[in-house]
Amino acid sequence: MRDDVPNNTPPKYLLAAETAEGAVITLGSADSWEELLDLLAGQPENDGVPPMAYRLIRTAETEAAVKKKPRREYFANFRGAGGAGREDDGTESAPWWGLDHAAANLAARRFDDLPPLAVREWIRIRHKEPFTPGALERRKRIKEAVAEYVFLAMTAALVIPIVAILAYLVVKAWPALSFSFIFQNSEDSQAGGIWAPLVGTFFLVWISLIISAPIGVLAGVYLNEYARDNWFTRLINLAVVNLAGVPSIVHALFGVGAFVLAAGMGQSLLAASCTVAIMTLPVIIASTREALAAVPMAFREACWNLGATRWQTIRTLVLPNSISGILTGVILQVSRAAGETAPILFTGAALFTSFPYHLDQPFMALSMHLYAICTQLQGVSDSVQYGTAVVLIGLVLAVNGLSIGLRVYLRSRKKW
Amino acid sequence: MTAYSIQTRDLNLWYGKFHALKDVTVNVKPGVITALIGPSGCGKTTLLRSFNRINERYPSVTTKGEIEILGKNIYDSDVSLSELRKSVGMVFQRPNPLPISVYENVIFGLRVHRRRGELHRRQLDAIVESSLRDVQLWDDVKDKLRTKATRLTLEQQQKLCIARLLPQKPRVLLMDEPCSALDGEGIERIETLIESLRHKYTILMVTHNMGQARRASHECLFMLLGRIVEHAPTLEIFLNPKEKETELYITGRYG
Amino acid sequence: MTDGWRLFKRAAEWLIEAVVRLCGWSAILFIFAIFFFIFHKTWPLFAEGFDLREFLTSARWQPTSTVHPCYGILALLVGTLAVTGLAMALAVPLGLGAAVYLSEFAGGKTKEILKIVIELLATVPSVVWGFIGYMVLGPIIIAVTGAPVGVNLLNGGIILALMSVPVIVSVGEDALKAVPDSYREAALALGASRWEIVYRVLFPAAKSGLLAAVLLGVGRAIGETMAVLMATGHAAQIPHSLLDPICTLTATIAAELGEAPRDGTHYRVLFLIGVVLFVITFIVNLTADLVVKGIRTEKE
């Protein structure tokens with residue numbers, strides 16, 4: 001102790017603690033910065049409740065007043081130990097581990113250009129409980145919540161209006177929907193009665209299915225079972241992708257050029273069905289391939305080892321095991337064929353024609369009928385228009401629901 | 001203050017109805033490498049994955065009991081998963097660097113845990129260099145910092161996966177069979193690397209390979225059917241196992 | 001087994017293989033056939049000295065004028081681009097956002113239901129969408145904006161956006177799902193939140209897949225016929241505002257082929273528009289396909 005300093009002058013350095021209640025308690029004093037750090041390192045470990053923070057203060061010789069804000073703020077886990085040798089920098093994200101670690105780092109002044117404290121300046125070392133969220137964490141959580149809600153809102157913005165529109169259609173169509181609306185023919189085209197177009201759509205779907213299903217399934221078999229990985233196969237794949245992407249109206253032009261004119265079918269049920277069949281071919285090819293690819297290779301190898309030929313393997317093993325997936329694709333084709341309008345516009349669909357249909361005669365289809373009563377004919381009542389739209393949607397959704405249901409059912413039964 | 005980095009008390013864990021961990025009570029020391037050994041399906045990896053609570057991403061998991069890491073119960077309500085995983089880093093069985101550049105892989109943790117603009121370019125460069133030097137990868141990749149990390153060799157990828165934990169200043173490193181995807185020399189180098197890291201971190205390593213457990217660990221935890229059978233210094237486990245099952249396992253009768 | 005029986009079986013096997021092969025090649029056959037039959041119809045135009053430059057650069061589309069018929073498709077091209085662009089501006093952010101929500105945030109039942117709803121939306125026929133645009137959206141647009149007609153660029157854009165969303169959502173979700181789970185686990189173990197995983201890991205990892213999703217949406221929007229025919233007002237002019245009626249390449253063919261005298265110039269020009277459409281969608285789909293292929297080779 002120095003004798004020349006009167007006993008009542010405040011010390012040059014102070015160590016204080018902040019309690020949870022907000023009080024600041026002086027713990028001790030020191031004559032030099034090094035001594036102060038020793039004092040800090042020697043604080044009890046506080047296994048119970050550590051203080052919120054320690055303050056390292058330099059005061060004036062004569063008065064105890066200090067600045068309001070600390071010069072720097074550091075973080076340390078007061079209850080930690082074994083920080084020696086680690087390169088923590090005393091920030092909230094890399095706190096010092098134990099008071100001795102904090103003191104050693106402050107003494108070394110390794111992590112910033114902290115000059116010696118000036119008079120009335122002080123620094124604060126706050127307790128950081130391990131694994132508890134820091135200031136950044138709060139922002140992170142807000143961001144996370146915002147992100148989730150924004151994405152949810154985007155999804156809702158898609159789904160809700162569409163579902164609302166469909167519900168609105170049903171409400172508007174309600175007055176027209178009746179047994180006779182669906183199962184009877186109208187005397188004139190103004191009133192309801194959609195039996196003729198409904199039957200026409202039925203024929204269109206079936207005939208196009210008879211054409212496209214065998215070709216599509218066999219094409220899928222070829223691509224998955226026979227084709228080697230070479231440029232020609234890639235070319236076929238490219239063709240399938242592009243066939244799926246050709247606009248429906250271009251298919252219509254093709255139908256006019258190839259079936260109606262070149263093949264001499266004229267505008268007829270057959271020409272329209274052929275056009276739709278080619279248009280929906282990629283759907284069947286793609287889903288067949290997917291279904292076949294899901295059959296494990298080991299099954300085939302086992303079969304080949306027994307001496308079966310490729311086709312025997314396919315017929316007895318691959319196809320039976322993938323029939324459900326193929327069927328889903330076929331059903332998808334049905335729903336697509338039922339809804340198409342553009343490809344049958346010039347290849348066979350008529351505004352009005354007489355029952356019964358013939359393969360070489362024009363026919364009525366539900367989609368075409370909806371287009372016609374909506375834009376071509378005047379004076380059709382609203383509810384009839386809405387009714388036709390709802391029946392068409394209902395038809396397509398029902399077929400699709402069947403496909404989804406089948407898929408879900410079969411997936412739950414799958415054994416490998 | 002306890003002398004252990006990780007302590008569990010009566011830890012039980014279920015995957016749906018399957019009881020994967022049964023009354024696990026262990027104390028893991030800092031500064032040594034602890035190996036978790038046992039036959040497949042005995043719960044080693046599950047136990048390891050409990051320590052950073054990454055098991056919880058599967059909704060069917062239920063946990064009971066206590067895990068205390070660095071003196072803090074990680075199931076306390078004030079624990080943040082993100083902070084926990086920052087301090088408790090994990091290396092996976094298959095190297096899984098993120099599909100971004102080597103450089104971004106190393107500082108991914110900082111990008112996630114620090115405020116934007118808190119670290120300057122030069123600091124980041126320095127951190128990347130020192131982290132990669134710590135895992136002896138710097139010389140191999142210093143000219144490839146901008147290439148996609150998934151283009152590196154498997155050994156380099158695994159080293160990178162260790163390197164990217166370091167900038168976050170973790171305290172515990174969990175390693176789930178870190179060498180199983182590597183060849184002989186790669187295994188040796190990674191083992192040396194892990195040994196060099198042990199003074200700064202608590203290291204817990206799952207391994208299938210008895211030789212590796214013997215070479216690279218100081219303590220061994222032998223697990224069987226979700227229970228801890230024996231926990232002892234490695235040499236003791238290998239030379240003088242106390243339990244019958246341990247002896248059968250390490251002499252290769254099953255597992 | 002006799003030799004004859006064996007021979008017969010071998011022949012049958014050969015025959016079946018030949019049929020399968022033929023079906024496999026059918027896609028190529030049909031693509032060439034489509035191009036041939038459409039192009040074939042336009043051929044006489046060039047023999048007559050048809051002005052291809054005027055066709056591509058003039059905005060005057062007056063095919064039925066008796067005095068001086070003009071066949072410039074610029075207005076139609078601009079109409080197609082405008083309605084597609086508007087549709088994509090609406091559908092891409094929403095569709096990709098929904099894809100992210102489905103793949104990363106939604107769980108369990110919600111996810112299953114939303115996926116089924118979106119899948120069902122994909123099957124609503126285009127003529128029904130046209131009907132919705134014409135009957136439902138049109139009056140709403142008139143009421144909200146005071147526009148003289150409800151069937152216009154805005155209407156077509158919204159309808160097309162709703163139509164292309166399911167493609168974008170499902171392809172986008174597939175692209176996100178294809179990102180290996182080990183990446184998510186790695187990022188999670190480094191303390192990343194779900195949003196940080198999406199933004200820092202999934203977007204970079206899935207960007208080509210997401211691009212393919214957008215391109216497929218574009219392809220679908222460009223090729224759409226019935227909905228734009230009914231919802232855009234069918235006026236061959238270059239639009240100056242969102243509320244102007246427009247006309248697209250597809251809608252023009254659909255609306256005019258029935259009335260054009262067979263094998264007249266108008267008729268052939270419509271086929272030529274078909275060729276233009278075929279080429280545009282071919283390029284878009286090819287690009288999307290190459291992008292997807294790019295991902296696959298990179299993964300290996």
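Computation of the quantities below employed the complete heavy-atom set of this structure, encompassing side-chain atoms and omitting hydrogens, waters and symmetry-equivalent molecules.
Taking chain C as the reference chain and counting heavy-atom pairs below 4.5 Å, the highest number among A/Val246, A/Thr309, A/Leu345 is found for A/Thr309. Each of A/Leu253, A/Val250, A/Ile278, A/Thr341 has some count of heavy-atom pairs under 4.5 Å with chain C, and the biggest count is that of A/Leu253. Contact count against chain C (heavy-atom pairs under 4.5 Å) is highest for A/Leu158 among A/Leu158, A/Val396, A/Val150. For the set C/Ile132, C/Val284, C/Val117, C/Val124, the count of heavy-atom pairs under 4.5 angstrom toward chain A peaks at C/Ile132. Interface remark: of the candidates C/Arg194, C/Glu104, C/Lys41, C/Glu224, C/Arg194 forms the most heavy-atom pairs closer than 4.5 Å to chain A. Listed options C/Ser193, C/Gly274, C/Gly258 were ranked by heavy-atom pairs under 4.5 angstrom with chain A; first place goes to C/Ser193. Between chain C and the residues A/Gly257, A/Pro282, A/Ala156, the largest count of heavy-atom pairs under 4.5 Å involves A/Gly257. Highest contact tally toward chain C, considering only A/Glu225, A/Met368, A/Gln385, is held by A/Gln385 [criterion: heavy-atom pairs under 4.5 Å]. The greatest number of non-hydrogen atom pairs below 4.5 Å with chain C, out of A/Leu392, A/Leu223, A/Val221, is found for A/Leu392.
You'll find the side chain of A/His251 stays beyond 4.5 Å of the side chain of A/Glu340, heavy atoms only. Inter-residue side-chain proximity for C/Asp289 and C/Asn285 is flagged as unmet; no heavy-atom pair is nearer than 4.5 Å. Looking only at side-chain heavy atoms (C-beta outward), A/Arg234 and A/Asp229 come within less than 4.5 Å of each other. Under the 4.5 Å side-chain criterion, counting only non-hydrogen atoms from C-beta, A/Leu261 is in contact with A/Val256. Between C/Lys9 and C/Arg6, every side-chain heavy-atom pair lies at or beyond the 4.5 Å cut-off. Counting only heavy atoms from C-beta outward, the side chains of A/Ile236 and A/Phe232 approach each other to under 4.5 Å.
Of the possible donor and acceptor atoms, none in the side chain of A/Asn400 sits under 3.5 Å from a partner among the backbone N and O of C/Leu120. Put simply, the side chain of A/Gln267 gets close to the backbone of A/Phe346: a donor and an acceptor are under 3.5 Å apart. At least one donor-acceptor pair under 3.5 Å links the side chain of A/Thr233 to the backbone N or O of A/Arg228. Side-chain N or O atoms of A/Ser403 include none that pairs as donor or acceptor with a backbone N or O of A/Val399 at under 3.5 Å. In this structure, C/Thr225 contributes its side chain and A/Ser248 its backbone to no donor-acceptor pair below 3.5 Å. With hydrogens and angles disregarded, no donor-acceptor distance shorter than 3.5 Å links the side chain of C/Thr232 to the backbone of C/Leu229.
Neither the backbone nor the side chain of C/Arg220 comes within contact range of chain A; no heavy atom of the residue lies under 4.5 Å from a heavy atom of that chain. For C/Val165, the part lying near chain A is the side chain, with the backbone staying farther off; criterion is any non-hydrogen pair under 4.5 Å. Looking at A/Ala258, the atoms closer than 4.5 Å to chain C (heavy atoms on both sides) sit in the backbone and in the side chain alike. Within the 4.5 angstrom heavy-atom criterion, atoms from both the backbone and the side chain of C/Ile253 approach chain A. Proximity to chain A (any heavy atom under 4.5 Å) is shown, for C/Val275, by neither the backbone nor the side chain. The parts of A/Leu152 that come within reach of chain C are both its backbone and its side chain, each placing non-hydrogen atoms under 4.5 angstrom from that chain. Contacts between A/Ile215 and chain C at a heavy-atom distance below 4.5 Å involve backbone atoms as well as side-chain atoms. For a residue to count as touching a neighbouring chain, one of its non-hydrogen atoms must lie under 4.5 Å from one of that chain's; by this rule C/Ala251 does not touch chain A. With a threshold of 4.5 angstrom between heavy atoms, A/Ile314 does not approach chain C through any atom at all. Contacts between C/Met135 and chain A at a heavy-atom distance below 4.5 Å involve backbone atoms as well as side-chain atoms. Neither the backbone nor the side chain of A/Leu332 comes within less than 4.5 Å of any heavy atom of chain C. For a residue to count as touching a neighbouring chain, one of its non-hydrogen atoms must lie under 4.5 Å from one of that chain's; by this rule C/Leu137 does not touch chain A. Looking at C/Leu257, the atoms closer than 4.5 Å to chain A (heavy atoms on both sides) sit in the backbone and in the side chain alike. For a residue to count as touching a neighbouring chain, one of its non-hydrogen atoms must lie under 4.5 Å from one of that chain's; by this rule A/Ile165 touches chain C with the side chain only. Residue contact with chain A, scored on non-hydrogen atoms closer than 4.5 Å, is absent for C/Trp14. Both the backbone and the side chain of A/Tyr371 come within contact range of chain C, judged by heavy atoms closer than 4.5 Å. The contact between C/Leu121 and chain A is made entirely by side chain atoms (from C-beta outward), counting heavy-atom distances below 4.5 Å. Only the side chain of C/Ser26 comes within less than 4.5 Å of a heavy atom in chain A; its backbone stays farther off. Looking at C/Tyr134, the atoms closer than 4.5 Å to chain A (heavy atoms on both sides) all sit in the side chain, from C-beta outward. In this structure, the portion of C/Leu114 lying under 4.5 Å from any heavy atom of chain A is its side chain and not its backbone.
A/Tyr222 and C/Trp25 have perpendicular rings, their planes meeting at more than 60° on a 0 to 90° scale where under 30° would count as parallel. Relative ring orientation between C/Phe271 and C/Tyr267 is described as tilted, the plane-to-plane angle lying within the 30° to 60° band. Ring geometry, C/Phe278 versus C/Phe35: the interplanar angle falls from 30° to 60°, so the pair is classed tilted. Between A/Tyr168 and A/Tyr386, the two ring planes are perpendicular [angle over 60°; tilted spans 30° to 60°].
Each of C/Tyr199, C/Tyr101, C/Phe105 was checked for a ring-ring contact (aromatic ring centres under 6.0 Å, His included) with A/Phe151, and the lone residue meeting it is C/Phe105.
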